[in-house]
Amino acid sequence: MQEITGLNEIIAGKKAVLCDLWGVLHNGRVVFPGAFRTLENLRKTNAIVILLSNSPKPGNLVKEQIEKFNITENFYDGIVSSGDLAREFLERKQESSFFFIGP
């Protein structure tokens, strides 16, 4: 197993990267040092960059959230959130009723 200190050490030649947001690019308050440099380097390699979020929000709301950190569409190709996947799953089900539990 290769130990690395950052993604920049292993991105050469990668065609696509799935990258988590919280805890990888930012901590909820600030973007981690080197995150923008890494995203820029991925862009230079023409790799497809998909950002992942465990947020129950749909991807468009996650996009609004990360834009506050200046993580704009220039840095990635798409966002996939848990909220998107849950909605897609529910839309595919044949059952006619679901019940929401939560705030």
Side-chain angles (χ1 to χ4, degrees):
M1 181 181 300
Q2 178 184 0
E3 186 173 325
I4 64 169
T5 59
L7 189 58
N8 275 319
E9 295 177 29
I10 60 169
I11 61 174
K14 303 299 186 258
K15 293 182 180 183
V17 174
L18 301 174
C19 183
D20 192 22
L21 284 165
W22 191 283
V24 177
L25 294 181
H26 69 82
N27 66 5
R29 293 176 295 167
V30 296
V31 174
F32 291 128
F36 287 116
R37 182 173 46 99
T38 299
L39 292 171
E40 288 168 350
N41 288 343
L42 285 166
R43 276 293 177 233
K44 289 177 187 174
T45 68
N46 294 318
I48 297 168
V49 178
I50 304 297
L51 302 180
L52 304 176
S53 174
N54 198 31
S55 172
K57 299 176 184 178
N60 63 322
L61 296 180
V62 173
K63 177 184 174 217
E64 290 176 15
Q65 182 181 8
I66 65 173
E67 284 177 345
K68 294 175 184 172
F69 297 121
N70 294 317
I71 301 173
T72 64
E73 288 181 307
N74 298 334
F75 292 114
Y76 62 90
D77 297 286
I79 296 174
V80 176
S81 74
S82 294
D84 289 328
L85 297 177
R87 170 174 255 138
E88 183 178 325
F89 172 79
L90 292 172
E91 288 173 349
R92 289 182 180 193
K93 295 301 278 181
Q94 297 296 318
E95 288 83 17
S96 60
S97 62
F98 294 93
F99 301 96
F100 176 76
I101 300 173

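One distance of note links OG1 of T45 with CG of N41; it measures 8.0 Å at 0.5 Å rounding. Interatomic distance, I11 CD1 to L42 CG, rounded to the nearest 0.5 Å: 4.0 Å. In this structure, CG in L51 is found 11.5 Å from OG in S81, a value given to the nearest 0.5 Å. The structure places CG of N74 at 11.0 Å from CG of L39, a figure rounded to the nearest 0.5 Å. Rounded to the nearest 0.5 angstrom, F69 CZ and N27 CG are separated by 7.0 Å. One finds the CG atom of L90 at 11.5 Å from the CZ atom of R92 (value rounded to the nearest 0.5 Å).
Across all non-hydrogen atoms, the minimal contact from H26 to G28 is ND1-N, 2.8 Å. Scanning all heavy atoms of the two residues, the minimum distance from A47 to A16 falls at CB-N, 4.3 Å.
When side chains are defined from C-beta on, V62 does not count as touching D84, because their heavy atoms never get closer than 4.5 Å. When side chains are defined from C-beta on, L25 does not count as touching F36, because their heavy atoms never get closer than 4.5 Å. Side-chain contact between E64 and K57: absent, with no pair of heavy atoms (C-beta onward) separated by less than 4.5 Å.
Linking Ile, Leu, Val, Met, Phe, Trp and Tyr residues whenever their side-chain heavy atoms come within less than 4.5 Å leaves L85 and L61 in two separate clusters. Residues I10 and V49 fall within the same hydrophobic cluster, defined by Ile, Leu, Val, Met, Phe, Trp and Tyr side chains chained together at heavy-atom separations under 4.5 Å. Both V17 and I4 are part of a single hydrophobic cluster, where members link through side-chain heavy atoms under 4.5 Å apart.
Of the possible donor and acceptor atoms, one in the side chain of R43 sits under 3.5 Å from a partner among the backbone N and O of Y76. Of the possible polar contacts, none joining the D77 side chain to the I50 backbone as a donor-acceptor pair under 3.5 Å is found.
For CG of N60, the number of neighbouring non-hydrogen atoms (other residues, nucleotides, ligands) closer than 6.0 Å is greater than 12.
Classification of K63 and E67 as a salt-bridged pair holds, one side-chain N sitting under 4.0 Å from a carboxylate O.
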